[in-house]
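Working notes for the structure below.
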Number of protein chains: 2
Amino acid sequence: MKPLSLHDSVHVLDLPRALPGALLQLDGRQTAADLPCETDELGALFGYRIPEAVARGKALFWEGAPAEHIFQIVGGVLRLFRMSSEGRRVMVGFAFPGDVLSIAVKDHYLFTAEAVTPTRVRRISRERLAIQIAEQPKVATIVFDRMREELCAVHHQTLLLLCQTAEMRIVRFLLWIAHKNPGAVETGAEFALPMLRTDIADYLGLTMETVCRTMTKLRRNGLIVMRGPHKIRFPNPRLVKDVADLGDSRGEWL
Amino acid sequence: MKPLSLHDSVHVLDLPRALPGALLQLDGRQTAADLPCETDELGALFGYRIPEAVARGKALFWEGAPAEHIFQIVGGVLRLFRMSSEGRRVMVGFAFPGDVLSIAVKDHYLFTAEAVTPTRVRRISRERLAIQIAEQPKVATIVFDRMREELCAVHHQTLLLLCQTAEMRIVRFLLWIAHKNPGAVETGAEFALPMLRTDIADYLGLTMETVCRTMTKLRRNGLIVMRGPHKIRFPNPRLVKDVADLGDSRGEWL
DNA sequence: CGGTTGATTGAGTCTTTTCAACGGGTGTGG
DNA sequence: CCACACCCGTTGAAAAGACTCAATCAACCG
C-alpha cells in the first residue's frame with residue numbers, strides 16, 4: 001500500500017458535514033448539534049479539545065495577518081472576504097461546519113474570516129501540522145484532500161460567476177446552500193440562509209438590490225418559499241430541475 | 001529541518017516561467033525557446049525526456065477522462081474548459097509554460113485542455129508521482145506548492161469575475177497576460193495574446209462582442225496598441241496604473 | 001421613543017447582450 | 001489561378017438586464 005498516494009483518498013463530498021440525526025442548524029442558534037469530531041478523519045489532527053467560540057460579527061483571522069493556525073469549523077457559518085484595491089469588499093467564500101480554513105496558504109492569510117452566525121472552531125498550529133505530516137505520512141493525504149476541497153470551493157464560485165443571468169446565479173447559489181442540509185432540495189424542507197443579502201451580492205458579483213429583486217421574482221414564480229429573509233424552502237423539487245439543470249454526473253463541482 | 005513543512009517552499013510567483021534570455025513566445029512559433037527544465041525543481045520529477053508536441057486545436061486530455069497523468073507545460077498555451085449542463089463552454093483557465101496541470105484532481109480530469117498554440121508538454125504518471133512522494137518527502141512539498149499555485153490561478157479568475165465592469169475585467173486580464181512576459185507592462189513591449197476572443201469572453205463571463213468592443217475602446221483611449229488581434233502593447237505604463245490600480249502589496253493574487 | 005440595520009421595492013440610467021451584417025484572412029477545390 | 005466557403009474579428013442597432021439613487025418598512029436596541 002502506497003503511503004502517500006494521490007488516489008486513495010476520501011471523496012471530497014463524503015465529508016461528515018451533516019450526518020443523519022445531527023441536525024445542523026446553520027443559523028448557529030442550536031449550538032448543541034455541532035459537528036461530531038469523532039467521525040472526522042481530520043478530527044484526530046485537531047485533537048478533541050473543546051472548540052473555541054467566535055461571536056457573530058467577530059473575525060477569526062484577518063487578511064494579511066501571519067497565518068499561524070489552521071481552523072476546522074465545528075458549528076456556524078463564516079464569511080470569507082478580501083478588500084479590493086478600490087476598497088470594495090470581495091467575498092471569496094463561505095465556511096460551513098466541516099470545512100477547514102486556510103490549509104493552502106503559505107504564510108499570510110489571504111482573506112478575513114468573519115462569523116456570520118455564532119461559530120465554534122477548532123484550531124491547530126501550522127507548525128504542529130508540519131510535525132504531524134512528518135510523523136505520519138497518512139496525514140499528508142488528508143491535507144491533499146483538504147486542499148482539493150478548497151480548490152473545489154473556489155471553482156464552484158467561478159462557475160456561479162460564469163452564469164449569465166442573476167437569476168441563474170442565485171438559483172444555483174441557493175441550491176448549493178440547500179445541499180448542505182441533506183434532503184432539503186428533495187423534500188422541500190426549510191433551510192437556513194444565514195448570510196446577509198449584501199454577502200450574497202458580494203459573492204455573486206451582484207448588487208444587494210438585484211439579489212432582493214431576483215429572490216422576490218423566484219418567490220413569485222413559486223420556485224422558493226421564504227419565511228423571513230433567512231428561511232427558505234424549495235416547495236417544488238421538480239420545478240428546480242427545470243430552472244437549473246444540475247444533472248452533473250460527477251458531483252465534484254456540485 | 002522539517003521534511004514536510006508547509007512554510008519553507010518556493011514562492012508561487014518565483015517559478016522559472018520566463019527567464020532572462022529565454023524569450024518565451026506565447027504564440028508558440030518559436031519552439032526553440034522552451035522552458036529550460038534544468039532550472040525547475042519539478043523538472044527532475046518529469047525527467048529530462050524530450051517533450052511531446054500537441055498540435056494547435058488538439059486536446060491534451062478530456063474532461064471526465066480518467067486522470068492518469070500530470071502534465072508540465074514546456075512551451076505554448078492551452079485553454080482549459082468544461083462543458084456546462086446547458087452545453088455552453090465554460091473556460092476555467094489557461095495554461096502557460098511552467099504551469100503544471102491537474103495535480104489537484106482525484107481520478108478524473110475536471111476539464112478539457114486544448115492547445116491554443118502549438119504546445120509542448122512533459123508528462124508523469126500519477127502512480128509514479130505517488131512513488132516519488134513516498135521515496136523523497138521533499139517532493140510532497142513541491143506538490144503542495146503546485147496545488148497552491150493551481151488554487152491561486154482559480155482565485156485569480158474569481159477576482160477577475162468579481163470586477164464590476166467589462167472594461168475592468170479585460171484590463172486586468174490583459175495585464176495578467178502581460179505579466180507573463182517579464183517587463184512587458186513596464187517597458188510597453190509587445191506581447192502575444194494567443195487565445196481567441198471567444199476564449200477570453202468565456203473566461204471573463206462576457207460575450208465575444210463585448211470583448212471586442214471594450215478592446216477597441218481601450219485602443220481609442222490609448223491604453224493599448226494592437227498590431228493585429230493577437231499582438232498587444234501598453235504604450236503608457238503610467239496610464240495603466242490609473243485604470244486598474246494593481247497596487248497590491250502582496251503579489252500572491254496578482 | 002428615536003436611531004440603526006437590513007430587506008424590499010420603484011424609477012431612471014447605463015451596460016451588456018442579442019441579433020445581424022460585414023470584412024479580412026486562410027484553405028480548398030474547381 | 002480564382003472562386004468560394006469558412007472562421008474569426010469587428011461594428012451597428014435594438015432589447016434586455018443590472019445598476020444607481022432613493023424611499024419605505026420591519027426588527028432590534030439603547
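Values below: all heavy atoms of this structure, side chains included; hydrogens, waters and symmetry mates excluded. Sequence lines set the chain letters: A, B, ... in the order given, protein chains first and strands last, and positions in each chain run from 1.
The distance between atom CZ of A/R227 and atom P of D/dA27, rounded to the nearest whole Å, is 14 Å. Between B/M208 atom CE and C/dC19 atom C1' the separation is 12 Å, expressed in whole Å. Between the CD atom of B/Q164 and the C1' atom of D/dT20 there is a distance of 13 Å, given to the nearest Å. Note: CZ (B/R220) to P (D/dT10) measures 11 Å, nearest angstrom. The nearest whole Å value for the distance from the CZ atom in A/R56 to the P atom in D/dC29 is 9 Å. Residue B/K217 contributes atom NZ, which lies 15 Å from atom C1' of D/dT11 at whole-angstrom precision. B/M226 has its CE atom 16 Å from the P atom of D/dC8, to the nearest Å. The nearest whole Å value for the distance from the CZ atom in B/R197 to the P atom in C/dT17 is 16 Å.
A/T210 has a side-chain polar atom (N or O) that falls below the 4.0 Å cut-off from OP1 or OP2 of D/dC19. For D/dT11, neither phosphate oxygen OP1 nor OP2 lies less than 4.0 angstrom from any side-chain nitrogen or oxygen of B/R213. Between D/dT11 and B/T216, a contact under 4.0 Å exists linking OP1 or OP2 to a side-chain N or O. Contact annotation: A/H230 side-chain N/O to C/dG6 OP1/OP2 distance is not under 4.0 Å.
Note on A/E52 versus A/K58: no salt bridge recorded, every NZ/NE/NH1/NH2 to OD/OE distance being 4.0 Å or above. Of the charged side-chain nitrogens involved, none lies within less than 4.0 Å of a carboxylate oxygen, so that A/D202 and A/R88 do not count as a salt-bridged pair.
Among the protein residues, B/G205 comes within range of the sugar-phosphate backbone only, with heavy atoms under 4.0 Å from sugar or phosphate atoms but none that close to a base. At the heavy-atom level, B/M215 lies nowhere under 4.0 Å from the strands shown.
Of the possible donor and acceptor atoms, one in the side chain of B/T112 sits under 3.5 Å from a partner among the backbone N and O of B/E63.
Looking at A/T119, A/L78, A/L80 one by one, the single match for side chain to side chain contact (heavy atoms under 4.5 Å, CB included) with A/L60 turns out to be A/L78.
When distances are taken from the side chain of A/L206 to each of C/dT16, D/dT11, D/dA18, the shortest belongs to D/dA18.
Nearer the 5' end of DNA chain D, as judged by each residue's closest nucleotide, is the contact made by B/L196, out of B/L196 and A/T165. Annotation: of the two residues near DNA chain C, B/E209 and B/T214, the 5′-most nearest-nucleotide partner is B/T214.
With sequence neighbours excluded, no residue satisfies salt bridge (charged side-chain N to carboxylate O under 4.0 Å, His left out) with A/R233.
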